[in-house]
Amino acid sequence: RAGQRQMAAVIYRAAENGSRILCQAPTGIGKTISSLFPSIKALGEGKLSHIFYLTAKNSTRLAAEEAFARMQEKGLRLRRVSLTAKDRICFLPERLCNPDDCPYAKGYYDRVQDVLFEMLKQEDAFTRSVIERWAKQRQLCPFELGLDLSLWCDAVICDYNYLFDPIVYLRRFFDRRDRYAFLIDEAHNLVDRARGMYSAALRKSDFLACKKLADEVSKPLSKALMAVNRQMLSLRKQIVQDTQQEQEHFMTAHTLPEPLLQSLRHLFTVYSTTLEQNRRLPLQPSLFSSAHSLAPELMQLYFDLRFFLRIADLFDERFCFFAAASGSQLTVKLLCLDPAQMVDERLKLGRCTALFSATLSPPSYYKAVLGCDSDEQTHSYALPSPFVQEKLCLLVCNQINTRWAMREQSLEPIARLLFEMVSAKAGNYIAYFPSYQYLQKEAEVFSQLYPQLPLVLQSPQEDDFLAQFDQPHPERSLLGFAVLGGVYSEGVDLQGEKLLGCAIIGTGLPKVGAQQEILREYFQQKNNSGYDFAYRFPGMNKVLQAAGRVIRSPQDRGVVLLLDDRFTTAAYRRLFPAHWSHARILSDSEQLRQTLCTFWESQADNNG
């Protein structure tokens, strides 16, 4: 396909030269195979020691496994392992990682070497199902078994956090530098994930609840927990007093409150001493687990505290201290505003990095926030779409205003445009909304105006939303309402007649709030691009991801409606990818009807 060889070539050169690349590759190029094949070639030539395929979602992990399997069917000999999170792969109803409570942990290290030897003789592909099968047969912890297998594998498929998380990263690999290749799929997701991995939070109520539990465990621990509670109580009173006229009670600071920090550090010392003492005490089942650890609530707070102090050690101008009061509750956060340096330090552990996604525009933004801005060895590429442009009817409706103050007035005009979209050709369609509240209001208006058309609404809970779209040749139109930026706006593969079009309502801007405004102010001071970095660029990424659900293969054809007048402005048009150069601007529903009629007739003629 167009662009596929180019992507493979630049990734091979990155492995050869020891460089980084950002690659925007539109849907359909085959990003997974285009990144794995050149990396495997470089591995076989001795340029690399290991390949790490890093993903944000299960669906992309499966795509990598399928790509490896196809190559192995053609003769590739390579050992690979897929790592699954401990909570997801644990066999027990409740995870209890100690030999007294878990039969899969008991005697693990006495038995694992023989099992590893057998597995490596019989298997090359250690997927989750393979690991679980062997672990159950030999009564071994499947999570630890996957980690131990990774040391014997050439390629590792895993979540971002195995490289970037400051606590749970793979120490067996990343405590040193080596000739690693980091292939980072759907790299647009890494921005928020990295901020989350380097942010921490603590709640006042947890300290008070644990203080009551600690009364019977350890007086020093109880006293230290109470000292932290008093510091947080004092901070809460200060915040409420200083923000009496505000609807939200919060404060921000670019330095850490030293009295609170001192009390937290003292608490951690007491916690560590208590845990060490408990290992030598007779068992008290009501207060301790059978491994002589503290009760689950106390242990969870210990881990939260340890992580908070770890992030506090990193705290500098890239972070912000945030404290919010609500009733008697106080939540304190260490917000990572700019994870670029931490990401850069992790990427330096390897020889080469390829960050790729269908949406990495503008590249200057992603270079800045993903730690590649100062690296002269970083190159960015925007590959062409492999699909014929004329098969996508891309329309911008400039009479729709979805700004907060105008949303009520937009409901009926949007309903009329959606009706024209689904009436032009029978099939499945999805409309994406900036919020669930907006979605519900539009559903009420649409159902009143067009009760004959069935609607499927995304639910805040788990639902079978996508199952409704699994009919390849529906006899009548089906319209789904989903949230822009939600689980159904990216990573969804509805090919052919399963999805004929989508409408995107609004520009996807993150909700304005205290923390988002902190982010805007930070980047405004840093590079004078606060609004773009905090709002416009992340919002446009959601738009491009949702639009990418429509054309998934060379045979697909479909419609994308952009319903917001801001899409006609230069600030947004410059963010359109090259294969959107044919976008047309419409002003009313009648013009939309005529345009869609012409489009579908031309598609029918071409197919004929």
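Throughout, residue positions are numbered sequentially from 1 according to the sequence presented. What you see below is based on every heavy atom in this structure, not just the backbone, and it leaves out hydrogens, waters and symmetry mates.
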Counting C-beta onward and ignoring hydrogens, is there a side-chain heavy-atom pair between [X] and [Y] closer than 4.5 Å?
X	Y	value
Cys352	Leu48	yes
Leu370	Val191	yes
Leu335	Arg195	no
Tyr198	Pro166	yes
Arg549	Ile430	no
Arg552	Leu494	no
Asn189	Glu490	yes
Leu484	Ile505	no

Could you list the donor-acceptor pairs under 3.5 angstrom formed by side chains in residues 67-74, with sequence neighbours left out?
unit_1 : atom_1 : unit_2 : atom_2 : d
Gln72  : OE1    : Arg80  : NE     : 3.1
Gln72  : OE1    : Arg80  : NH2    : 3.1
Gln72  : NE2    : Leu78  : O      : 3.0

Is it the case that the side chain of [X] and the backbone of [Y] share a donor-acceptor pair, with hydrogens and angles ignored and the cut-off at 3.5 Å?
X	Y	value
Gln603	Glu390	yes
Asp178	Tyr180	no
Ser34	Met7	no
Tyr432	Ala547	no
Lys391	Pro554	yes
Asp464	Ala467	no
Arg179	Gly46	yes
Gln24	Leu360	yes

Under the ring-ring contact (aromatic ring centres under 6.0 Å, His included) test, residues paired with [X] that sit two or more places apart:
X	result
Phe117	none
Phe481	Phe433
Trp580	Phe576
Phe173	His50, Phe52

Can you name the residues that form a salt bridge (Lys or Arg N to Asp or Glu O under 4.0 Å) with [X], not counting sequence neighbours?
X	value
Asp316	Arg318
Lys348	Asp344
Arg77	Asp124
Arg346	none

How many angstroms lie between atom [atom1] of [X] and atom [atom2] of [Y], to the nearest 0.5 angstrom?
X	Y	atom1	atom2	answer
Cys158	Leu54	SG	CG	4.5 Å
Ser35	Phe182	OG	CZ	14.5 Å
Arg177	Ser49	CZ	OG	12.0 Å
Leu355	Leu347	CG	CG	6.5 Å
Leu183	Thr55	CG	OG1	11.5 Å

What are the two closest non-hydrogen atoms of [X] and [Y], and how far apart are they?
X	Y	result
Thr378	Lys367	O-NZ, 3.7 Å
Val550	Cys502	CG2-SG, 3.7 Å
Ala200	Ile311	CB-CG1, 4.0 Å
Met421	Leu596	CA-CD1, 3.6 Å
Leu562	Phe567	CB-CD1, 3.6 Å
Gly506	Val543	O-CG2, 4.1 Å

- Is it true that the NZ or CZ of Arg536 lies under 6.0 Å from the centre of Tyr572's six-membered ring and within 45 degrees of the ring axis?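 Judged by the rule, Arg536 and Tyr572 form a cation-pi pair.
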- Task: Taking the six-membered ring of Phe174 (Phe, Tyr or Trp), confirm whether the NZ or CZ of Arg171 is under 6.0 Å from its centre and within 45° of its axis.
- Result: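 Cation-pi check for Arg171 and Phe174: fails.
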Evaluate whether atom [atom1] of [X] has more than 12 neighbouring non-hydrogen atoms of other residues, nucleotides or ligands under 6.0 angstrom away.
X	atom1	result
Arg5	CZ	no
Phe533	CZ	yes
Arg573	CZ	yes

- Evaluate side-chain contact (heavy atoms from CB on, under 4.5 Å) for Glu123 paired with Arg133, printing each intermediate quantity in order. CA-CA 12 Å; Glu123 313 268 7; Arg133 172 164 51 84; 3.2 Å; yes
- Message: Test side-chain contact (heavy atoms from CB on, under 4.5 Å) on Ile184 and Phe164; report intermediate values, then the result.
- Response: CA-CA 11 Å; Ile184 303 176; Phe164 297 104; 3.9 Å; yes
Sequence neighbours excluded and cut-off under 3.5 Å, please list the side-chain donor-acceptor pairs for residues 8-18, or say none.
unit_1 : atom_1 : unit_2 : atom_2 : d
Tyr12  : OH     : Glu45  : OE1    : 2.5
Tyr12  : OH     : Lys47  : NZ     : 3.4
Asn17  : ND2    : Arg13  : O      : 3.2

- Item | side-chain hydrogen bond (donor to acceptor under 3.5 Å, both in side chains) partners of residues 149-159, not counting sequence neighbours, each pair once |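 Listed by first then second residue: Asp159-Arg193.
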- Message: Under a 4.0 Å threshold between the charged nitrogen and the carboxylate oxygen, would Lys498 count as salt-bridged to Asp493?
- Response: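 Between Lys498 and Asp493 there is no salt bridge, as every charged N stays at least 4.0 Å from the carboxylate O atoms.
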- Item | side chain to side chain donor-acceptor pair (under 3.5 Å) against Thr402, all qualifying residues, sequence neighbours excluded |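 Asp564, Arg566.
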- Query: Have Tyr365 and Asn541 got a donor and an acceptor in their side chains that come within less than 3.5 Å?
  - Reply: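 Side-chain D/A pair, Tyr365 to Asn541: absent.
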- Would you kindly say whether Arg61 and Thr84 are connected by a side-chain donor-acceptor distance under 3.5 Å?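 On atom types as modelled, these side chains qualify, holding a pair under 3.5 Å.
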- Message: In terms of relative ring orientation, are Phe465 and Phe469 parallel, tilted or perpendicular, with 30° and 60° separating the classes?
- Response: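 Rings of Phe465 and Phe469: tilted, 30 to 60°.
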- Message: Run the side-chain contact (heavy atoms from CB on, under 4.5 Å) test on Glu65 and Leu62 for me, step by step, so that the C-alpha distance in whole Å, both residues' side-chain angles and the decisive distance to 0.1 Å come before the verdict.
- Response: CA-CA 5 Å; Glu65 290 178 348; Leu62 295 176; 3.5 Å; yes
- Begin from the C-alpha positions of Gln389 and Leu392 and carry the test side-chain contact (heavy atoms from CB on, under 4.5 Å) through to its verdict. CA-CA 6 Å; Gln389 195 177 50; Leu392 174 65; over 6 Å; no
